[in-house]
Amino acid sequence: MLCHDKATGLKAVIAIHDTTLGPALGGVRMVPYATDDEAIRDALRLAKGMTYKASLAGLNLGGGKSVIIGDPGRDKSEALLRTMGRFIQTLGGRYIPGIDSGTTQDDLRVIGLEAERVSCVGEDPSPRTALGVYAAIVAAIRHLHGTPDLAGMRIAVQGVGHVGAALARMLVRDGAELVITDVRMALAKQVANELGAAVVEPDAIVSVPCDVFAPCALGDAINDDSLKVLDAAIVAGAANNVLAVPEHGAELHRRGVLYAPDYAANAGGIIFLAEEMLGHDAPTTDRRVMTIGDTLATVWRRSGEEDLPPEVVADRMAEERIEAIHSAD
Ligand code: NAD
């Protein structure tokens, strides 16, 4: 849906990719796109990604995303956000908005004054995203070594922001040996002091010889350059779009590096939001987040049996769940 409101200056796109499994959950992104086409393309691409993420995580949610064309620092106003909320409300609950780049919890509260269903207005989902990545790492170690024991495992964490720092604490608790970095070096040193971790410069993290490389910063962590120096048995982290291009995933598979597809490993946040909407308590939510490890175990088993990269298998599993519902119609 293309949204335009002259009075508030709102120009936005709401993309619903698929609602077979349930209402489409996805963030509201606010970015000063150069063209409307660019905004539409981004909304469609991101909405599709949410369909796959929700499906693979076993959630009864579909995929959607919306983008507001504008500079969040300059163009955002209560009137604009309320107008966005009214457009969302016209969809009758088929799209549930959440936080994304350029929007905050407070913005979602304003949108929620007009739209009946909004997410991301409660607790920060980052600790559950970290728990999900932890589950992915434990499952990967179990897949390679036959035991989930992290004691003595060397794990390199790229980026110790909301998710990376919480993940690092869980890994140290299990006896892993950590090497960490962040472009905010003061933060990296503070986390390292707290946890007894080693610190390296941001450029050096990907070449650290380790059992697990955990990208928890930005996208494209696995690219032509990093592949030349990567010295890890497992790649599992929180970042979105870890693979710069699909061929990099094929290369990891060829080398025998076990990759946890990004949208599977970082699904803890969306699982948390789904559980919150169902009114479930913290222990139930945590148990549900930990099932990310079981999902990945299935992905890797099929990846081995079918000799396909795990991210290809993950996509197929997400599609199969949706197709099974259509074929039962
Ligand atoms: P954040 O901004 O809190 O942390 C990211 C950290 O990475 C920051 O401390 C930043 O300084 C650091 N960083 C940036 N570039 C770097 C580089 N080149 N080398 C080393 N460090 C670098 O973000 P977050 O909420 O912790 O999320 C981390 C990643 O996980 C992001 O890619 C995000 O999209 C993804 N993710 C987060 C969630 C969530 O619940 N927060 C959910 C799904 C995916």
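For the single chain, residues carry numbers from 1 onward in sequence order. Order of listing sets the numbers, starting from 1, for every ligand and every atom in it. Just so you know, these numbers come straight off a predicted model, no measurement behind them.
For the side-chain hydrogen bond (donor to acceptor under 3.5 Å, both in side chains) test with Asn240, the passing option among Asn266, Asp220, Asp262 is Asn266; the others fail.
Taking the salt bridge (charged side-chain N to carboxylate O under 4.0 Å, His left out) definition, one finds that Glu38 meets it with nothing, sequence neighbours left out.
Note on residues 72-97: no pairs pass ring pair (Phe, Tyr, Trp, His ring centres under 6.0 Å), not counting sequence neighbours. Judged as a ring pair (Phe, Tyr, Trp, His ring centres under 6.0 Å), not a single pair has a partner in residues 245-277 (not counting sequence neighbours).
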Could you list, one pair per line, each nitrogen or oxygen of ligand 1 together with any protein nitrogen or oxygen closer than 3.5 Å, giving atom names and the distance rounded to 0.1 Å?
unit_1   : atom_1 : unit_2 : atom_2 : d
ligand 1 : 3 (O)  : His162 : N      : 2.9
ligand 1 : 3 (O)  : His162 : ND1    : 2.7
ligand 1 : 9 (O)  : Asp182 : OD1    : 3.3
ligand 1 : 9 (O)  : Asp182 : OD2    : 2.7
ligand 1 : 9 (O)  : Arg184 : NE     : 3.3
ligand 1 : 9 (O)  : Arg184 : NH2    : 2.7
ligand 1 : 11 (O) : Asp182 : OD1    : 2.6
ligand 1 : 11 (O) : Arg184 : NE     : 3.2
ligand 1 : 21 (N) : Val183 : N      : 3.3
ligand 1 : 26 (O) : His162 : N      : 3.1
ligand 1 : 26 (O) : Val163 : N      : 2.8
ligand 1 : 30 (O) : Ala238 : O      : 3.2
ligand 1 : 32 (O) : Ala217 : O      : 2.6
ligand 1 : 34 (O) : Asn240 : ND2    : 3.2
ligand 1 : 40 (O) : Thr129 : OG1    : 2.7
ligand 1 : 41 (N) : Ser126 : OG     : 3.2

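Inter-residue side-chain proximity for Met50 and His17 is flagged as unmet; no heavy-atom pair is nearer than 4.5 Å.
Classification of Arg316 and Glu320 as a salt-bridged pair fails, no side-chain N sitting under 4.0 Å from a carboxylate O.
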